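Heads up: the structure comes next, in structure tokens.
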Amino acid sequence: DKGLEKSKSNFFDKIGKAIAGKSKVDDDVLDELENILVASDVGVDTTVKIINRIEKRVAADKYTTTSELDRILREEIAALLAENNSSDVNNYELPATIKPYVLLVVGVNGVGKTTTIGKLAAKYKASGKKVILGAADTFRAAAVDQLIEWGRRVDVPVVSKGMNVHPATVAYEAVEEGIRQGADIVIIDTAGRLQTKVNLMNELTKVHKVIKKHIPDAPHEVMLVLDGSTGQNAFMQAKEFTRATEVTSLAITKLDGTAKGGVVIGISDQFKIPVKYIGVGEKIEDLQVFNKKEFVESFFT
Ligand code: GDP
């Protein structure tokens, strides 16, 4: 797991420094721990929650030593992640009864949306699935071109109408094409802008509506892509998108470039949406199914 190396050493080192020379978990240690969690982008609310839980455990056992803090913290973070990420199933599996599975991908420009879609398309293609991509992020020409380029790279068809067409038009045709070709999954790239909440909501509502004309219970999944290296921005975007539409899964990218993987813990806790994938680099293979156990380990060892 080369990708998570950075969050690893950094977090662990800081905790080590915070408890250096101390034998018992006192208020100073807890204060320091609170600072470390906030600095790691866990977010204030989730940090307070974790600290409160630890405080209770420490108070119940007056003899809690700093050497036990590592284990306790690990358990609390694991418990928190488990609350919102119920299983570590192979998330590349598609439900057998749904065909095509319609996956709508949302997120602001630059977070790694197109790259994540390309990586996903490659995974599905490699596992023998028929994939169709829809270039419905029509606001930016580069976004459409990039998706077409990914389609070429991983050899899957891309439905595109160029730019300045309403995203719903492309989404409609992508699903239509998916049905026509007997695709297993249609992945639609959409909504790269966030200038006003109302626009975003209207746009996504329209996209949902036209997709339902083909398949009433689609989209089957709405995945929000967030850049894990942007800390508070990622939290803000999660807030905006969850207000505008029902987000059902998360992909958190660029965790290779940050020492602050705590954003995964905070966002999963604050928004009660499971993290499905993490991005740990720019290459096709740099997408991992989120595994809470591995994640906690990578944070501490
Ligand atoms: P979009 O505008 O959201 O579609 O973003 P792109 O997919 O074009 O990605 C923006 C930049 O982030 C590109 O240079 C990608 O190569 C890079 N990128 C995407 N995912 C990751 C990741 O997990 N790690 C790193 N280091 N870079 C990434």
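Side chains are part of it too, since the values below use all heavy atoms of this structure and drop only hydrogens, waters and symmetry mates. If you're wondering where the values come from, they're calculated on a predicted model, not measured in any experiment. First listed ligand is number 1; within each ligand, the first listed atom is number 1.
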Item to complete: Of all the heavy-atom pairs spanning V222 and T245, show the shortest one and how long it is.
Response: CG1-CG2, 4.4 Å
Fill in: Smallest separation among heavy atoms of D41 and F235, with atom names
O-CE1, 3.5 Å
Worksheet item: What protein heavy atom sits nearest atom 21 (C) of ligand 1, and how far away is it?
Response: G281 O, 3.5 Å
Discussion item. When you compare ligand 1 with T253, is there at least one nitrogen or oxygen pair between them that comes in under 3.5 angstrom?
Written reply: no
Fill in: Per-atom contacts of ligand 1 with T114, taking only distances under 4.0 Å to non-hydrogen atoms
1 (P), 4 (O), 7 (O)
Practice prompt. Check whether any heavy atom of G110 sits under 4.0 Å from an atom of ligand 1.
Written response: yes
Worksheet entry | Nearest protein heavy atom with distance in Å, relative to atom 24 (N) of ligand 1 | D256 OD1, 2.8 Å
Item to complete: Output the list of atoms in ligand 1 that are nearer than 4.0 Å to some heavy atom of G279, sorted by atom number.
Response: 23 (O)
Fill in: L81 side chain near F290 side chain, heavy-atom distance below 4.5 Å
yes
Worksheet item: Which atoms from ligand 1 have a heavy atom of K119 less than 4.0 Å away?
Response: 23 (O)
Practice prompt. Enumerate the atoms of ligand 1 whose separation from the nearest heavy atom of V108 is less than 4.0 angstrom.
Written response: 3 (O)
Worksheet item: atom 11 (C) of ligand 1: which protein heavy atom is closest, and how many Å away?
Response: K254 NZ, 4.0 Å
Fill in: Mode of V280 contact toward ligand 1 - side chain, backbone, both, neither (heavy atoms, under 4.0 Å)
backbone
Worksheet item: What residue and atom, counting heavy atoms only, is the protein's closest point to atom 27 (N) of ligand 1, and at what distance?
Response: E282 CG, 3.3 Å
Worksheet item: Is the backbone N or O of D269 less than 3.5 Å from a side-chain atom of K272, with the two atoms forming a donor-acceptor pair by type?
Response: yes
Practice prompt. Using the rule that two of Ile, Leu, Val, Met, Phe, Trp, Tyr join whenever any of their side-chain heavy atoms come within less than 4.5 Å, decide whether I98 and I211 are in one cluster.
Written response: yes
Worksheet item: Is K206 paired with E203 through a side-chain N to carboxylate O contact shorter than 4.0 Å?
Response: no
Discussion item. Taking 4.0 Å as the limit for heavy-atom contacts, which would you say applies to D189 with ligand 1: side chain only, backbone only, both, or neither?
Written reply: neither
Practice prompt. Starting from atom 8 (O) of ligand 1, find the nearest protein heavy-atom neighbour and note its residue, name and distance.
Written response: Q146 OE1, 2.8 Å
Worksheet entry | Cationic N near anionic O, under 4.0 Å, K49 to D45 | no
Worksheet item: Would you call K293 and E297 a salt bridge, using N to O less than 4.0 angstrom?
Response: no
Discussion item. Looking only at protein heavy atoms, which one is nearest to atom 5 (O) of ligand 1, and what is the separation?
Written reply: G112 N, 3.1 Å
Practice prompt. Just grab all the ring-ring contact (aromatic ring centres under 6.0 Å, His included) pairs involving residues 32-58, residues at least two apart or on different chains.
Written response: none
Worksheet entry | Side-chain donor/acceptor of K292 to backbone N/O of A78, under 3.5 Å | no
Worksheet item: Side chains of Q270 and T46: is there a donor and an acceptor less than 3.5 Å apart?
Response: yes
Discussion item. Considering non-hydrogen atoms of the protein only, which is the closest contact for atom 3 (O) of ligand 1, and what is the distance?
Written reply: K113 N, 2.8 Å
Discussion item. Less than 4.0 Å is my threshold; does some heavy atom of A143 fall inside it relative to ligand 1?
Written reply: no
Worksheet entry | Non-hydrogen atom of V111 closer than 4.0 Å to ligand 1 | yes
Discussion item. Under 4.0 Å, heavy-atom basis, I'd like to know which part of T115 is in contact with ligand 1: side chain, backbone, both or neither.
Written reply: both
